[in-house]
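Structure first, commentary second.
What you see below is based on every heavy atom in this structure, not just the backbone, and it leaves out hydrogens, waters and symmetry mates. Both ligands and their constituent atoms are indexed starting at 1 by order of listing. Here, residue 1 is the first one in the sequence, and each next residue gets the next number.
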Amino acid sequence: MKVTLEGKKKHFRTVSFEPESNRLTLIDQRLLPHTFSLLETTDYRQSALAIQNMTTRGAGAIGATAAYGLAQGCRAFSSKSLTRFATHVQKVFQTLASARPTAVDPFNAMAQVLNAMEPGGTVAEKQELALRAAIQFAEEDVAHCRAIGKWGAELIEEGMTILTHCNAGWLAFVDIGSATAPLYEAQAQGKPFHVLCDETRPRSQGAILTAWELAQQGVPHHIIPDNAAGHYMQRGKIQMVITGADRVLARTGAAANKIGTFTKAVLAKYHRIPFYIAIPLSTIDWETADGFDIPIEERSEEEVLCAWGRPVNDETEKSGGDEKPVQVRVANPSSRALNPGFDVTPAELITGFITPVGILKPDELRSKLGKGAS
Ligand code: MRU
C-alpha cells in the first residue's frame, strides 16, 4: 500500500526480500504511527527476533517473514554436504518456529518451503527451491488478500459502519490485508462507509496500526475504546464486524484472533449483527480438532501494567515527533497482571469467513477448501 512520506506517496510492502544480498526488509511496526522506518535483517536469527519482538507482526506478515527467514538461513549455508545441510535447516526452522506460537501462517509457510526443497538433489538446488517457494508464499499472500477484497466488498453497503478489531490490515500481511481488503475495495468502488477501530489494548494495534493505515488510505474512521462496541451495537451504530484471524480450525470453524475478538463476537450475536472473519488460506489449521488445543501466547505483564506513547507537548510537535515512544506506568505498582494475547471464537458466533475463493460458512471450510475439494 502507499505511504505518504514528505508529501509524496510511495508504495511499500510490509515484508520484502532481496535475493542478491540475502536481505529481508521489514516495516518497523514498533515505531508506528509516529515514525515510519524500515529494519533490515541479513541473518535468520535476526529475522526470528523481528517476529518475536514484534518489529513485524500479524499472521500473514510473520508467515512471509518465516518463509523468507527459512530461505535466508538455507542460503547462508556454505558447504556441499547434504547431511550437514539437513541439520542446519532443522536449526533454522526451529529458531523461526519458536518465535511466536499462535498464528499458524509461519508453520504453513515454512512447510511450503520445506516441501518445495525436497526434490533438490544438491545443496545449491535446495537453496534455489527454498528461495522460489518463499517468494511464491509472499506473492500468494498478496493475491489472496486481493481476492478477499473482491468478495468482501460485496458485503459492504453504502452508509454502513463496520467494526474491526486489532490490525488485520496490510501491516499484518505482505500487502493489502485481510479484514481491510474489503474496505479498500469498497472505497475503490466509491462506496461511502465508516470504520470503527477497536483500540485493542494492551498493545493497541487498532489505535496505532489500523487507524494509521486507514488514515494513510483516506478511509473515514474513529478509534473506540475496547469496551465501547457493545454500547454502539445497542444503539444501532454498527452494521457489520470484520476481523482477521491468526488460526482457523478447518475441522470446527473456530478462530483464534487477538484477545477481545470473542467478546465482540458474543456481542454481535446478541445484537444480530453479522460477524465475518477474513483469512487467506495460509491461516487454516487442517489438523487441530479443538479450539482449546490452540497454543495461546502469554505475553509480558508489562504490556498491561504500562502504556507506550509520545509525550504530548509543544517540543514534540516541533520536532515532528520522530523520537522513540516512551513507556509510562499506568497500573498500581504492587499489582500483577495476566496477559493472554489471543482468544478463540467458536464457529456458532461466526457468520462467515471471507476467503480468497468466496464467503464460506464455518462448516464449509473443509468441504470447499480441503484436499479433494472441487
Ligand atoms: O499480536 P499480533 O499483533 O501479531 O496479533 C495478530 C493480529 O494482528 C490479530 O490477531 C489480527 O486480527 C489477525 S492477524 C491477520
* Structure fact -> Here the atoms of ligand 1 under 4.0 Å from any heavy atom belonging to Phe342 are 1 (O), 5 (O), 6 (C), 10 (O)

* **Pair Glu297 + Arg299: basic N to acidic O under 4.0 Å** => yes

Side-chain donor-acceptor pairs of residues 351-360 under 3.5 Å, sequence neighbours excluded:
residue : atom : partner : partner atom : Å
Thr351  : OG1  : Phe275  : N            : 2.7
Thr351  : OG1  : Phe275  : O            : 3.3
Thr355  : OG1  : Val357  : N            : 3.1
Thr355  : OG1  : Gly358  : N            : 3.2
Thr355  : OG1  : Gly358  : O            : 2.7

* Asked: Touching ligand 1 at all, Met54? Heavy atoms, strictly under 4.0 Å?
  -> yes

* Asked: Cut-off 3.5 Å, side chains only: do Glu140 and Ser282 have a donor facing an acceptor?
  -> no

* Asked: Does the cation-pi check pass for Lys258 over Phe342, that is, NZ or CZ under 6.0 Å from the six-membered ring centre and within 45° of its axis?
  -> yes

* To do: Look at atom 8 (O) of ligand 1 and say which protein heavy atom is nearest, naming residue and atom and giving the distance to 0.1 Å.
  => Arg57 NH2, 2.4 Å

* To do: Pick, from Asp246, Leu209, Thr243, Asp343, the option with the minimum heavy-atom distance to atom 6 (C) of ligand 1.
  => Asp246

* Which of these, His165, Arg247, Arg100, has its nearest heavy atom closest to atom 2 (P) of ligand 1? -> Arg100

* Asked: Does the Ser367 side chain pair with the main chain of Glu364, one donor and one acceptor, at a distance under 3.5 Å?
  -> yes

* For atom 13 (C) of ligand 1, find the nearest protein heavy atom and state the residue, atom name and distance (0.1 Å precision). => Asn257 OD1, 3.1 Å

* **Residue Phe173 vicinity, atoms of ligand 1 by number, heavy atom under 4.0 Å** => 15 (C)

* To do: Considering only non-hydrogen protein atoms, determine which one is nearest to atom 14 (S) of ligand 1 and report residue, atom name and distance to 0.1 Å.
  => Ala59 N, 3.3 Å

Hey, can you pull the donor-acceptor pairs under 3.5 Å for the side chains in residues 89-96, sequence neighbours left out?
residue : atom : partner : partner atom : Å
Thr95   : OG1  : Lys91   : O            : 2.7

* **Shortest protein contact, atom 5 (O) of ligand 1 (heavy atom only)** => Lys258 CE, 3.3 Å

* **Contacting atoms of ligand 1, where contact means under 4.0 angstrom from a heavy atom of Gln205** => 1 (O), 2 (P), 3 (O)

* Check: Pro192 main-chain N/O paired with Gln187 side-chain donor or acceptor under 3.5 Å -> no

* Does at least one non-hydrogen atom of Ala245 fall below 4.0 angstrom from an atom of ligand 1? -> yes

* **Passing candidate, side-chain hydrogen bond (donor to acceptor under 3.5 Å, both in side chains) with Asn167, options Glu213, Gln205, Arg203** => Glu213

* Asked: Is it true that a side-chain atom of Gln239 and a backbone atom of Gly236 form a donor plus acceptor pair closer than 3.5 Å?
  -> yes

* **Short N or O distance, Asn167 and ligand 1, threshold 3.5 Å exclusive** => yes

* Asked: Taking distance alone, with no angle check, do Gly58 and ligand 1 share an N/O pair under 3.5 Å?
  -> yes

